[in-house]
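Below you'll find the structure, written out as structure tokens, and then a few comments.
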Amino acid sequence: MSSGSLLSAQGLVSGYHKLKVLNGVDLAVGRGELVGVIGPNGAGKTTTLRTIAGVVRPWSGSVKLDGIEIAGLPAHVIAKLGLGYVPDTRELFPGLTLGEHLRLAHSNLGARSGEDYESAVRRVLELFPPLRGRMSQKVGTMSGGEQQMVTIARALISRPKVLMLDEPSTGVAPRIVDNIYDALKELKGTMGILLVEQNAALVFEVADRVYLMDRGSIVKVGTPEELLRDELVRRTYLT
Ligand SMILES: Nc1ncnc2c1ncn2[C@@H]1O[C@H](COP(=O)(O)OP(=O)(O)OP(=O)(O)O)[C@@H](O)[C@H]1O
Ligand SMILES: [Mg+2]
């Protein structure tokens, strides 16, 4: 899977200060593939995404994005190479409008795609009907779910090769969770997607393959059908 994949991590080790969190993570996302990562609290899911995105520095291991080694590069360089990242913390500016978020992201990263701003905005708003007509609204006045959509729209504005999302359903009203997952189904096949969720049922519904992570390592991988046949997975994640 790793040769020829769009995104791959091999033997990824990282952590915080002296605390080692990732014990050699191997994962891969193929072209057009939607890959899920599930696992208990503290398993290292967020740390995996942060390390791939360059927010946390890898201690060792390799990360390749479309054939280019990105491990150890700064986050803004990795973003420019085509990695879209939707962090669990969202990292929005409450006093800026939706339009200002999209404009900033497009002027920082949009040059990579060559797509003009207006077309890019039309493309992302197509995916998120609730955001239409809200370009001049400050994001601090939006609901949690709307803010989550803004975070995803901002990551998509530069047409990333791979989109990584960390718990996009957390703190989001059910109707908006549906909207976000409809958007992911729409995007599926057009880019690589790496989706982290604690809500395994959501992941099993959309993913082509799922990794189960525990204590800093990948402990199982398979299609949703394969993982659902595993009694321990069923009992732990789907009750
Ligand atoms: N900024 C930090 N500084 C120190 N330790 C951290 C930091 N962030 C996470 N950790 C520790 O790293 C480990 C893995 O955390 P991580 O957030 O990657 O797990 P997770 O799988 O995303 O969990 P959750 O399901 O709760 O989001 C945990 O033991 C956590 O306490
Ligand atoms: Mg997390």
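Order of appearance sets the numbers: ligands from 1, and atoms from 1 within every ligand.
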Short N or O separations between ligand 1 and the protein, below 3.5 Å:
residue: ligand 1; atom: 18 (O); partner: Thr47; partner atom: N; Å: 2.9
residue: ligand 1; atom: 18 (O); partner: Thr47; partner atom: OG1; Å: 2.5
residue: ligand 1; atom: 19 (O); partner: Gly44; partner atom: N; Å: 3.2
residue: ligand 1; atom: 21 (O); partner: Ala43; partner atom: N; Å: 3.2
residue: ligand 1; atom: 21 (O); partner: Gly44; partner atom: N; Å: 2.9
residue: ligand 1; atom: 21 (O); partner: Lys45; partner atom: N; Å: 2.9
residue: ligand 1; atom: 21 (O); partner: Lys45; partner atom: NZ; Å: 2.8
residue: ligand 1; atom: 22 (O); partner: Thr46; partner atom: N; Å: 2.9
residue: ligand 1; atom: 22 (O); partner: Thr46; partner atom: OG1; Å: 2.8
residue: ligand 1; atom: 23 (O); partner: Gly42; partner atom: N; Å: 2.8
residue: ligand 1; atom: 25 (O); partner: Asn41; partner atom: ND2; Å: 3.4
residue: ligand 1; atom: 25 (O); partner: Lys45; partner atom: NZ; Å: 2.7
residue: ligand 1; atom: 25 (O); partner: Gln198; partner atom: NE2; Å: 2.7
residue: ligand 1; atom: 26 (O); partner: Asn41; partner atom: ND2; Å: 2.8

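The distance from the Mg ion (ligand 2) to the nearest N/O/S atom of Gln198 is not under 2.8 Å.
When only modelled atom types and interatomic distance are considered, Thr46 and Asp166 share a side-chain donor-acceptor pair under 3.5 Å. Counting only N and O atoms by type, the side chains of Ser143 and Gln147 include no donor and acceptor under 3.5 Å apart.
Rounded to the nearest 0.5 angstrom, Leu165 CG and Leu184 CG are separated by 5.5 Å.
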Run Leu195 and Val35 through side chain to side chain contact (heavy atoms under 4.5 Å, CB included) and show every step you take. CA-CA 6 Å; Leu195 170 66; Val35 172; over 6 Å; no
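Ser60 pairs in a side-chain contact (heavy atoms from CB on, under 4.5 Å) with only one of the listed residues (Val13, Leu22, Leu12), which is Val13. Leu81 pairs in a side-chain contact (heavy atoms from CB on, under 4.5 Å) with only one of the listed residues (Leu109, Leu73, Val162), which is Leu73.
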